[in-house]
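Let me begin by presenting the structure, written as structure tokens, before commenting on it.
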Amino acid sequence: MARNPVAAEPIVCAACGAKFSPDRDRCPRCREKVKVVDHAAVAARSRRLQIAGAALLGVSLTGFAAVWVIAPTADSSAATPSTIDPLAARRRTAPAPAEAPPDKTDRPYMDATGHAYEAYQAGDFAAALKHYQDAIAKNPNDAESLSNLGQVLVRLGKPEEALPFFDRAIALNGDRWAYVFNRARALSLLERWKESIEGYRRAHQLFPNDYVTTFNLALTLHKAGNDEEAVAEYQKAIALSPEDGGFRRALGISLEKLNRPADAAAAYTEYLKLTPNAPDADQVRARIASLTSGKLKPESPS
């Protein structure tokens, strides 16, 4: 059956700007509730997840039954529905009940609730730091507070000190996009390009359609001197967010590094179409003229 062409359009999260398919009712990046566009697709996705969960439960219970027959003296409390969890081996805390509502603190970048976040938003980073330190002292396995504390340290200009907290958060939940992304960004600030690139690639695996992750990967590749791969990633970021002029400008800079003046000029032209009143518009126009006249100057827009 053909899908509704309107419903097929991607959803844009109003909270963080992420784009994702309309078969979700929450943003995969920030977990914010979104207005459902394609109710049928959401229902179908829910049914698929229920079927997959039922199949997993059936396999697990079958395996448990076999073990019970073989070793009937085993403690019956060793296998309960709450332990049937494919990620249980990675978790150090018990998973929330399936019927519980999503945790509102499950957000990327920063926990958007509570006194710590309010202090962070107000620029009182010392207070935010204290709040997160207190939270971690009460619960050393609070992965969200560990990541948020790392973010505060990055904002204070201490990315090196932030890394151990990101590492601890990732050790608690290695599949959390935000923790991996935050660590990659801190490594980039330290100019540890290889590690940062590896981190952004991992973040991209966790959230393939996030244009911010894709752009940051491209920018880090450029800074590492790998403009060939940077161009490919910039083009992916542009496909994910075609209205972002800054992506075209960055693409143009890498194309110049690859000695592709015509392509660079085209990228800069698209940048000006999207952002005609940009502060550097006159500089970029002059650069386009230089690229198209054949009288190249060594510098590109910085």
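Side-chain atoms are counted along with the backbone in the values below, which use heavy atoms only and exclude waters and symmetry mates.
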Side-chain (T292) to main-chain (I288) donor-acceptor, under 3.5 angstrom: yes
Side-chain heavy atoms of K257 within contact of H222, under 4.5 Å: yes
Hydrophobic cluster membership, I197 vs W177, 4.5 Å side-chain cutoff: yes
Intermediate values then yes/no, ring-ring contact (aromatic ring centres under 6.0 Å, His included), F247 and Y234: CA-CA 7 Å; F247 293 0; Y234 281 137; 7.8 Å; no
Criterion salt bridge (Lys or Arg N to Asp or Glu O under 4.0 Å) on R201 and E198, from CA distance to verdict: CA-CA 5 Å; R201 290 197 191 282; E198 290 173 352; over 6 Å; no
Over all atoms of both residues, closest heavy-atom pair of L291 and P261: CD2-CB, 3.8 Å
Closest non-hydrogen atom pair between A128 and A119, with its separation: N-CB, 3.7 Å
Test side chain to side chain contact (heavy atoms under 4.5 Å, CB included) applied to V180 and F166, step by step: CA-CA 8 Å; V180 177; F166 293 139; over 6 Å; no
Nearest-0.5 Å distance, OG of residue S254 to CZ of residue R249: 11.5 Å
Stacked cation flag R176 on Y179, 6.0 angstrom / 45 deg: yes
Interatomic spacing from CD in Q133 to OG in S145 - rounded to 0.5 Å: 11.0 Å
Heavy-atom neighbours of Q205 CD exceed 12 at 6.0 Å: yes
Atom pair CG (N182) and CG (L146), whose distance is rounded to the nearest 0.5 Å: 12.0 Å
D244 and S241 side chains, donor-acceptor separation under 3.5 Å: no
Charged N-O contact under 4.0 Å between E191 and K223: no
Donor on one side chain, acceptor on other, N148 and Q151, under 3.5 Å: no
Polar contact flag, side-chain donor to acceptor under 3.5 angstrom, E256-Y268: yes
W193 with L163, same ILVMFWY side-chain cluster at under 4.5 Å: no
Verdict with reasoning, K130 to D134, per salt bridge (Lys or Arg N to Asp or Glu O under 4.0 Å): CA-CA 6 Å; K130 180 66 165 58; D134 290 346; 2.9 Å; yes
Side-chain (D280) to main-chain (Q283) donor-acceptor, under 3.5 angstrom: no
salt_bridge(R202, D175) N-O dist < 4.0 Å: yes
L187 with Y200, same ILVMFWY side-chain cluster at under 4.5 Å: no
Nearest heavy-atom neighbours spanning E161 and L153: O-CD1, 3.7 Å
V154 versus A162, closest heavy-atom pair with distance: CG2-CB, 3.8 Å
Trace of the side chain to side chain contact (heavy atoms under 4.5 Å, CB included) decision for R248 with T269: CA-CA 9 Å; R248 314 292 180 122; T269 299; over 6 Å; no
Side chain S188, main chain A184, donor-acceptor under 3.5 Å: no
T220 (side chain) donor-acceptor with N216 (main chain) under 3.5 angstrom: yes
Pairwise side-chain contact, L240 with F215, heavy-atom cut-off 4.5 Å (strictly under): no
In one Ile/Leu/Val/Met/Phe/Trp/Tyr side-chain cluster, 4.5 Å: L156, L149: yes
N/O donor-acceptor pair under 3.5 Å between T275 side chain and Y271 backbone: yes
Lys/Arg N to Asp/Glu carboxylate O, R192 vs E160, below 4.0 Å: yes
Smallest separation among heavy atoms of E233 and A218, with atom names: CB-CB, 3.5 Å
Euclidean distance, N209 CG relative to T214 OG1, rounded to 0.5 Å: 8.0 Å
Nearest-0.5 Å distance, CD1 of residue I136 to CD of residue E144: 11.0 Å
Side-chain ion pair, R185 and E195, N-O less than 4.0 Å: no
Side chain D227, main chain A230, donor-acceptor under 3.5 Å: no
Nearest heavy-atom neighbours spanning P276 and R285: O-NH2, 3.4 Å
Full working for side chain to side chain contact (heavy atoms under 4.5 Å, CB included) between Y120 and R155: CA-CA 9 Å; Y120 181 88; R155 192 63 184 266; 3.6 Å; yes
Same apolar cluster: L217 and L206, side chain cutoff 4.5 Å: yes
Approximate separation, where rounding is to 0.5 Å, of E270 CD and L274 CG: 6.5 Å
